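Notes for the one structure printed next.
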Amino acid sequence: MLKRALAFLLAALLLTLAACGKHEGGKEPDAGADAGRAGENSLVIGVAQDLDESLDPHYAVAAGTREVMFNVFEGLLKPDRNGNLVPAIAESVNVEENGTVVKITLRSGVKFHNGATVTMRDVLYSLDRVRGADGKEALLPALTAIDTVETPSDAELVLRLAEAQPELTSYLTFAIIPADYTEQATKPVGTGPYRFVERVVLERVVLERFDDYWGEKASIERVTFRVIENAEGLLLGLQSGALDLVNHLTVTQAASVDKTKFDLEEGTMNLVQALYLNNAVKPFDDVRVRQALCYGVDRNEILSLAFDGRGTLLGSSMYPAFTKYFDDSLTNYYTYDPAKAKELLAEAGYPDGFEMKITVPSNYQPHMDTAEVLVQLLGKIGVKAKIEPVEWSVWVDRVYTKRDFESTVIGVDASSMTARAMLERFVSDYGKNFINYKNDEYDRLFAEAQNTFDDAQQTAVYKKMERNLTENAASLYIQDLADMVAVRKGLTGLRFYPVYVLDVAALSWDAQ
Amino acid sequence: MLEIKDLRIRFYTRERDAVGGINLTVNDGEILGLVGESGSGKTVTAMAIGGLLDRAACDVSGQILLDGTDLLTLDSARFRKVRGKTLGVVFQDPSAALDPLMKAGRQAEEALLIHTSMTKKERKAAVLQAFAAVELRDPERVYDSYPHELSGGMQQRVMIAAALVTDPSLILLDEPTTALDAGVQAEILALLKRLNAEKRISMLLISHDLSVVRRACRRVAVMQRGRIVEEGEAEALFSSPAHPYTKRLLEAIPLSRLRR
Amino acid sequence: MSDPKVKKAKKHNILLIAGAALTLAVLLFTFVGAFYTPRDPDAMNAAEKLLPPTLNHLFGTDKFGRDIFSRVMKGTLSTVSTALLTVLAGGGVGILAGAVTGYFGGKADAVLTRLGDTVTAFPAVLTALLVVSLLGPGGWQVAIALAVAFIPSFMRVSRVSFAGQRRLPYVISARLQGASHAGVMLRHILPNTLPSLLPALTIGFSNAVLAEAGMSYLGIGVTPPDASLGYMLSEAQGMLALAPWYAVSCGAVLLAAVLGVGLLGEGLKDA
């Protein structure tokens, strides 16, 4: 009988200990010798979310996929850390005749990871694929503006547009892939400084330096992206020596990082984090309700409670790194005014508030924390919110694709460095308009922007669109999250880009 | 009054009838003894009367008329109304037949609880009266006692009281003294005889022990291999048995040594 | 069958006393927490984040500046009530099912027993996961999910007891007095079954507490910002270096609950 009692004690103790020492998924991150990795010139990076099921670059949905595969694929142009587009597979890109002609000269001798040389055929194949010329859906609708494609020579490409498109070149970052290759989804082949080696779903993606890269070769030979969909697991990985770099850390996690072994870098995530509201669902179909939420939530509280005060407040679907388009006057368009919020709610027919559900991807601690604080803040204006945590894949399927949700907290990024990428999302008939925003003026403005050839004028129209989103409270825009990155001491070269990418080629180990 | 007419019971797994067409009558106010060894069919007959036969396992024909009602034709719901009320049963081993967790008085009341709408006070009064009738010396104390606190004889008296308390037409007793000491046996048998004489309650007493039956019963029936081989007044049977089997029963003691 | 009222010298049953004391303490904690907490368990305060235990905050504060002591009270309430609901529902259904199948046997018995075996083949948490995936996360959903997972074990204990007792003489005796099947099962067999059921119920309760905590820890039980011991433990785990008191306080209360009831069950068995 005493044995039983001891057994109970032991079991209960084990539970408490398990809370202390639990590792994600029952798998121990291999505590490899960190010194050993520097010596081997390899690197292990922890990522909080698995990549898309398909690694085909044209079909990538998750920002996390693009972040990693940035090192594998390149387009005719690619972004540099300042947000400028520099030639990659193209040697030069010239826009002529008032923006209706784009002349591209291909760089010679660029090799694919499978050894083949990049030819015009591959470029045309990739272009046709993304602009929908192969009969399927256009993956980059912006490129449907191309009227004709000519190839005066093996190295020259001429794109003719019916009307001038000042932004077209921004979209030339789409990945160039080999024409006859059908296994991109599982064994991606590109031209970037790293080539794909292997991928184990929900576990890792391994890349190796491509020694036949046309440009400056990367320093680190082998990179493993370890998928740990659990915030504590990532931290433990750092502490145990299994990981050398983890980005997108929460402030709490960053605080627990051992500063003797790691350096903490702060950038911005280049996302628009918001409480996105499904405009097609009651009560968010009423603009007054949406505005009430904007007035009733003190976003500074979110930053101070969940993010140690770090982060940059936003007022619309645009983040500050987009200096050309960012309109700071919108940031505090909705001042914190709970009285006005309650007034609007009463006007809309909800004098006693209402109930709502916030669907959040459970593996993203920043969004979970934001949601938790939001529940508190919304409670102050009589809105009872409940959090529904879901797996990432469920979020993509249910919220993003099927639009089956009331509200959600997520960060939205730009797949290409264009205002269009951030704003086209909310055009009423856009395929991925997951918040079901429906505003005729907005649609009209967007059409206008596509037909404005002067850059300054187009920028002005885009800014009007941003204002439209704010004034109509399309969603409750919160912030561009601070991006805390823990970098093992000795690893240098980390650069922050204005887009959601992780440039591994720039990293190197200090000489030991 | 109990009338068994041409009762035939055959189990599907056996070759011969367990009960091969017997006729038996217990008249009002009579104690009839049914004697036989194990395998004679007396227990099966008792089970048939008490409604404990698994009808899916055997073939039954004939009639068991209790006050005119054929028990064999009753469905379980209607039989329940008879059991414990019109028909009382006393078991062989009282210590096993009593729920160890329930007080004796409460158990004796159970039939009243089930079949009548008497109040608790009324039930208790009836039970105390029954306890007195079965010659329990301190009815109140017995009422509040748990079975294991009572002696074997007291337990059996409680069982008899429990059967009595609803004023049944017939009490069926299956080996009521087999588990008791010799002295206690005699007391219980005397009690039964007395109860029968005073209250005119019909009883069917089943036993393998001839001497038991002789002491309590006026009439006796002898069963062998599912048939009644001899029947008649107890004294006459014992002094001059007609059937050879009866003779053998009388002669051989203990009977268990007789092989069939 | 043991004699329930034998006048033995009363032994000092240490397990019973310790178990009862601990359980009582936890229940008191829970009960008080239902009506009063020293601070609002949901009130966030940026200035008071991750404070160690002080007089103001007996268990310190969490990452949002919320009072951990109050949250532990609410979390314990949630866990204990879920576990109680689980045992009542799972136990109720399981004991009833076991009683019926054990007593009557037959085809229903065979089918239900196989069904029970199938459910047992899966770990309880997995079964609960399945049910929660259909019902969604939340307190009472977890209770139902766990109840379903626990039914077979209660069924087994009850079935053995009822099957074993149905042929006993006193049961037949009661039937002969005219008791219905239900009457016999309720008045005679059930009381005689209690000694084996009580440990099952207390063990079931401990397991339910652990299971609920486990599910909340995994994020499929009570959802934030509602307080739940399991979820709080998962949060605390990430802050062991920064705020160890968080994990310790949650763990200690959980330990007390499980241990208390467990000891109580052990003690009752010997009583």
Side-chain angles (χ1 to χ4, degrees), chain B residues 46-47 49-52 54 56 76-104 106-116 144-149 155 158-159 161-166 168 171-175 179, chain C residues 1-8 95 99-111 157-158 160-201 268-271:
Chain B
M47 282 171 67
I49 301 172
L52 293 174
D54 181 4
S76 58
R78 275 187 294 175
F79 207 128
R80 268 210 336 258
K81 290 213 174 67
V82 169
R83 282 215 290 254
K85 186 157 188 290
T86 329
L87 173 70
V89 181
V90 175
F91 255 70
Q92 171 174 320
D93 185 358
S95 65
L98 290 168
D99 185 336
L101 293 186
M102 224 187 246
K103 291 193 182 155
R106 169 76 184 69
Q107 292 196 52
E109 274 178 9
E110 183 136 2
L112 291 175
L113 183 69
I114 296 167
H115 296 289
T116 71
D144 280 324
S145 305
Y146 283 96
H148 66 269
E149 293 170 334
Q155 287 173 350
V158 168
M159 291 298 302
L164 275 179
V165 83
T166 54
I171 299 185
L172 178 65
L173 302 112
D174 187 13
E175 308 277 5
Chain C
M1 169 129 299
S2 59
D3 293 316
K5 294 280 199 286
V6 171
K7 291 191 182 83
K8 277 200 271 204
I95 292 175
V100 168
T101 59
Y103 187 85
F104 291 109
K107 283 205 204 97
D109 179 26
V111 169
V157 173
S158 144
V160 161
S161 218
F162 275 75
Q165 292 199 40
R166 100 178 113 123
R167 297 232 182 277
L168 288 182
Y170 67 82
V171 170
I172 301 184
S173 182
R175 294 270 303 146
L176 286 168
Q177 283 185 303
S180 58
H181 289 299
V184 164
M185 280 161 67
L186 202 62
R187 289 197 295 270
H188 290 282
I189 305 188
L190 191 62
N192 280 284
T193 305
L194 275 177
S196 51
L197 282 181
L198 272 177
L201 286 169
L268 278 175
K269 269 216 305 217
D270 299 337

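Below, chain A is the first sequence line, B the second, and so on; all start at residue 1. Predicted model only: the values in this text are computed from it and were never measured.
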Subject >> Sequence-distant partners of Arg187(C), salt bridge (charged side-chain N to carboxylate O under 4.0 Å, His left out), two or more places apart >> reply: Glu110(B)
**OP:** Just jot down the side-chain hydrogen bond (donor to acceptor under 3.5 Å, both in side chains) partners of Asp109(C), sequence neighbours excluded, or say none.
**Re:** Thr113(C), Arg159(C)
Original post:
When rounded to the nearest 0.5 angstrom, what distance separates CD1 in Ile189(C) from CG in Leu101(B)?
Top reply: 12.0 Å
Original post:
For Leu52(B), is it the side chain, the backbone, both, or neither that has a heavy atom closer than 4.5 Å to a heavy atom of chain C?
Top reply: side chain
Subject >> Among Ala111(B), Gly88(B), Gly51(B), residue most engaged with chain C (heavy-atom pairs, under 4.5 Å) >> reply: Ala111(B)
**OP:** Search all heavy atoms of Arg80(B) against all heavy atoms of Ala179(C) and return the closest pair with its distance.
**Re:** CD-O, 3.4 Å
Original post:
Side chain, backbone, both or neither: which part of Leu98(B) has an atom under 4.5 Å from a heavy atom of chain C?
Top reply: backbone
Original post:
Taking side chain as C-beta onward, heavy atoms only, is Met159(B) less than 4.5 Å from Ser173(C)?
Top reply: yes
**OP:** May I ask you to decide if Gln177(C)'s main-chain N or O and His115(B)'s side chain share a donor-acceptor pair within less than 3.5 Å?
**Re:** yes
**OP:** Considering non-hydrogen atoms only, spot the tightest contact between Tyr170(C) and Pro100(B) and give its length.
**Re:** CE2-CD, 3.8 Å
Subject >> Partner of Leu176(C) under side chain to side chain contact (heavy atoms under 4.5 Å, CB included), chosen from Leu172(B), Leu87(B), Val89(B) >> reply: Val89(B)
